**Q** 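Right, I'll just put the structure down here and ask away after.
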Amino acid sequence: MSYKNILSDINNGITTITINRPKKLNALNKETIEELHKAFEIANKDKACKVIILTGRGDKAFVAGADISEFADFNAKQGSELAKMGQDLLFDFVENLSTPVIAAVNGFALGGGLELAMACHFRIASDNARLGLPEVSLGVIPGYGGTQRLPQLIGKGRAMELIMTAGMIDATQALNYGLVNHVTSQEKLVSFCEDKASKISRNSSVAISAAIKAINANYKDGINGFDEEIKAFGHCFGTADFIEGTTAFLEKRKADFPGE
Ligand code: COA
């Protein structure tokens, strides 16, 4: 499949999706959001794909936000529709994928860019990364889940401050806040993410999908995460991966998971 605004490649079970609008600092316009949806959907359905890495083209930005030029003249109704479309097609979609998604934050992750990184399952940043939700400086608020996911990740007080000041934090502060899990040099970012991805891909993909679902259940209204965990735990016992994992342990060999 070929795209206008993104690139998608699979190698050794790792799909790398790259947002490819470097001249606009990879800002998310509607077309890019639609293409990302498609690429994530294809990767998630591909049995050969064990992990997805999301990054931005160039050495300056992961994503510098939603494309401001697209919504500058929107009214209230169009604003709500924009947020709903984005959340459904991309941000909630990514968070709930059964394939693990790592954000390789290679520079600015602002507004919708940080929101997209936060929708990924975890984040690794290069040391030049700058992260923030500057929407209130434009007279709006984060609309792609930022007011919900930022406090989940860094706590309410810090999220309030970051959103109210419209400020940016650097990679070291993001690491201190727990917003990113690791910081590396820009040159090593992709290989660092690939190492993590290969470690993940050696484990049971069925169990990993169940773990993603159970962890996400903690953040869903009206759903008891502990009950979800019990269900998912039980489900694992009926899988070929479970038989292979436990048999391999008892036979003192490395498991070779069928992913079923
Ligand atoms: N939407 C649309 N275009 C954007 C964009 C965005 N969110 N962020 C950057 N761009 C475009 C710029 O308009 C510029 O385009 P041009 O060359 O056609 O004029 C190009 O990307 C380069 O950006 P520029 O501002 O010249 O780079 P800089 O190094 O001076 O500044 C930033 C970098 C990230 C500080 C600055 O681009 C910025 O503040 N961007 C907006 C961030 C934001 O508010 N995001 C939240 C949106 S809700």
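In listed order, ligands and their atoms are each counted from 1. On a predicted model such as this, the values are computed, not experimentally measured, just so you know.
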**Q** Looking at Pro134, which atoms of ligand 1 are within less than 4.0 Å of one of its heavy atoms?
**A**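 Ligand 1 atoms under the 4.0 Å threshold to Pro134: 43 (C), 44 (O), 45 (N), 46 (C).
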**Q** For atom 5 (C) of ligand 1, what is the closest protein heavy atom, and at what distance to 0.1 Å?
**A**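 Checked against all protein heavy atoms, atom 5 (C) of ligand 1 sits closest to Ala27 CB, 4.0 Å.
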**Q** Look up atom 36 (C) of ligand 1 and tell me if a protein heavy atom lies less than 4.0 Å from it?
**A**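 No, there is no protein heavy atom closer to it than 4.0 Å.
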**Q** For atom 28 (P) of ligand 1, find the nearest protein heavy atom and state the residue, atom name and distance (0.1 Å precision).
**A**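 So the nearest neighbour among protein heavy atoms is Lys60 NZ, 3.7 Å.
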**Q** Just heavy atoms, cut-off under 4.0 Å: does Leu138 contact ligand 1 by side chain, backbone, both, or neither?
**A**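 The side chain, only.
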**Q** Look at atom 8 (N) of ligand 1 and say whether a protein heavy atom is found at less than 4.0 angstrom from it.
**A**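 True for atom 8 (N) of ligand 1.
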**Q** Between Glu95 and Arg149, is there a salt bridge with N-O shorter than 4.0 Å?
**A**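 Answer for the salt bridge query: yes.
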**Q** Which protein heavy atom lies closest to atom 16 (P) of ligand 1, and at what distance to 0.1 Å?
**A**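 Ranking protein heavy atoms by distance from atom 16 (P) of ligand 1, first comes Lys24 NZ, 3.7 Å.
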**Q** Answer yes when Glu35 and Lys30 have at least one side-chain N-carboxylate O distance shorter than 4.0 Å, and no when they do not.
**A**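 No, Glu35 and Lys30 are not salt-bridged.
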**Q** Taking all atoms of both residues into account, what is the closest heavy-atom pair of Tyr144 and Ile33, and its distance?
**A**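 What the structure gives for the nearest pair is OH-CD1, 3.6 Å.
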**Q** Among all the protein's non-hydrogen atoms, which is closest to atom 31 (O) of ligand 1, and how far away is it?
**A**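 Among all protein heavy atoms, the one nearest atom 31 (O) of ligand 1 is Leu25 CD1, 4.6 Å.
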**Q** Are any non-hydrogen protein atoms located under 4.0 Å from atom 21 (O) of ligand 1?
**A**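 It does; a protein heavy atom is within 4.0 Å.
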**Q** Taking everything shown except Gln148 itself, do over 12 heavy atoms lie less than 6.0 Å from its CD?
**A**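 No.
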**Q** Hey, is atom 26 (O) of ligand 1 under 4.0 Å from any protein heavy atom?
**A**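 No, because not a single protein heavy atom sits under 4.0 Å from atom 26 (O) of ligand 1.
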**Q** Output yes when a side-chain donor or acceptor of Asn44 lies under 3.5 Å from a complementary backbone atom of Thr99, and no otherwise.
**A**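 Yes; judged by distance alone, with no hydrogens or angles, the pair exists.
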**Q** Determine whether any protein heavy atom is located less than 4.0 Å from atom 18 (O) of ligand 1.
**A**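 Neighbour list for atom 18 (O) of ligand 1 includes protein heavy atoms (cut-off 4.0 Å).
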**Q** As a test of the contact definition, would atom 39 (O) of ligand 1 count as having a protein heavy-atom neighbour under 4.0 Å?
**A**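 Within 4.0 Å: no protein heavy atom nearby.
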**Q** With a 3.5 Å cut-off and sequence neighbours excluded, list the donor-acceptor pairs that the side chains of residues 4-19 form with protein atoms.
**A**
from, atom 1, to, atom 2, distance (Å)
Lys4, NZ, Glu31, OE1, 3.3
Asn5, ND2, Glu31, OE1, 3.0

**Q** Under a plain distance cut-off of 3.5 Å, with no hydrogens placed, do Asn26 and Arg21 share a side-chain donor-acceptor pair?
**A**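 No, no side-chain donor-acceptor contact under 3.5 Å.
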**Q** Check ligand 1 against Leu110 and write out every atom of the ligand that is under 4.0 Å from a heavy-atom position of the residue.
**A**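 Matching atoms, with element in brackets: 34 (C), 42 (C).
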**Q** Got the closest protein heavy atom to atom 41 (C) of ligand 1, with its distance?
**A**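 Checking every protein heavy atom, the shortest distance to atom 41 (C) of ligand 1 gives Ala64 O, 3.9 Å.
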**Q** Among all protein heavy atoms, pick the one closest to atom 1 (N) of ligand 1 and tell me residue, atom and distance.
**A**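 Looking only at protein heavy atoms, the one closest to atom 1 (N) of ligand 1 is Ile68 N, 3.0 Å.
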**Q** Would you confirm whether any non-hydrogen atom of the protein falls under 4.0 Å from atom 44 (O) of ligand 1?
**A**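 Yes, there is a protein heavy atom closer to it than 4.0 Å.
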**Q** Check whether any side-chain N or O of Glu244 sits under 3.5 Å from a backbone N or O of Phe257 as a donor-acceptor pair, and report yes or no.
**A**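 No, because the side chain of Glu244 does not come within donor-acceptor range (under 3.5 Å) of the backbone of Phe257.
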**Q** For the pair Lys188 and Asp127, find out whether any cationic side-chain nitrogen is under 4.0 Å from an anionic carboxylate oxygen.
**A**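 No.
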**Q** Under a 3.5 Å distance rule, please check whether Glu228 uses its side chain to pair with a backbone N or O of Ile223 as donor and acceptor.
**A**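 No; zero donor-acceptor contacts below 3.5 Å.
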**Q** For atom 2 (C) of ligand 1, what is the closest protein heavy atom, and at what distance to 0.1 Å?
**A**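 Minimum-distance protein heavy atom for atom 2 (C) of ligand 1 reads Asp67 OD1, 3.3 Å.
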**Q** Heavy-atom contacts under 4.0 Å between Lys23 and ligand 1: side chain, backbone, both, or neither?
**A**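 It is the backbone that touches ligand 1; the side chain stays farther off.
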**Q** Can you sort out the partners of Glu187 under salt bridge (charged side-chain N to carboxylate O under 4.0 Å, His left out), two or more places apart, ordered by chain and number?
**A**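 Not a single residue meets the salt bridge (charged side-chain N to carboxylate O under 4.0 Å, His left out) criterion with Glu187.
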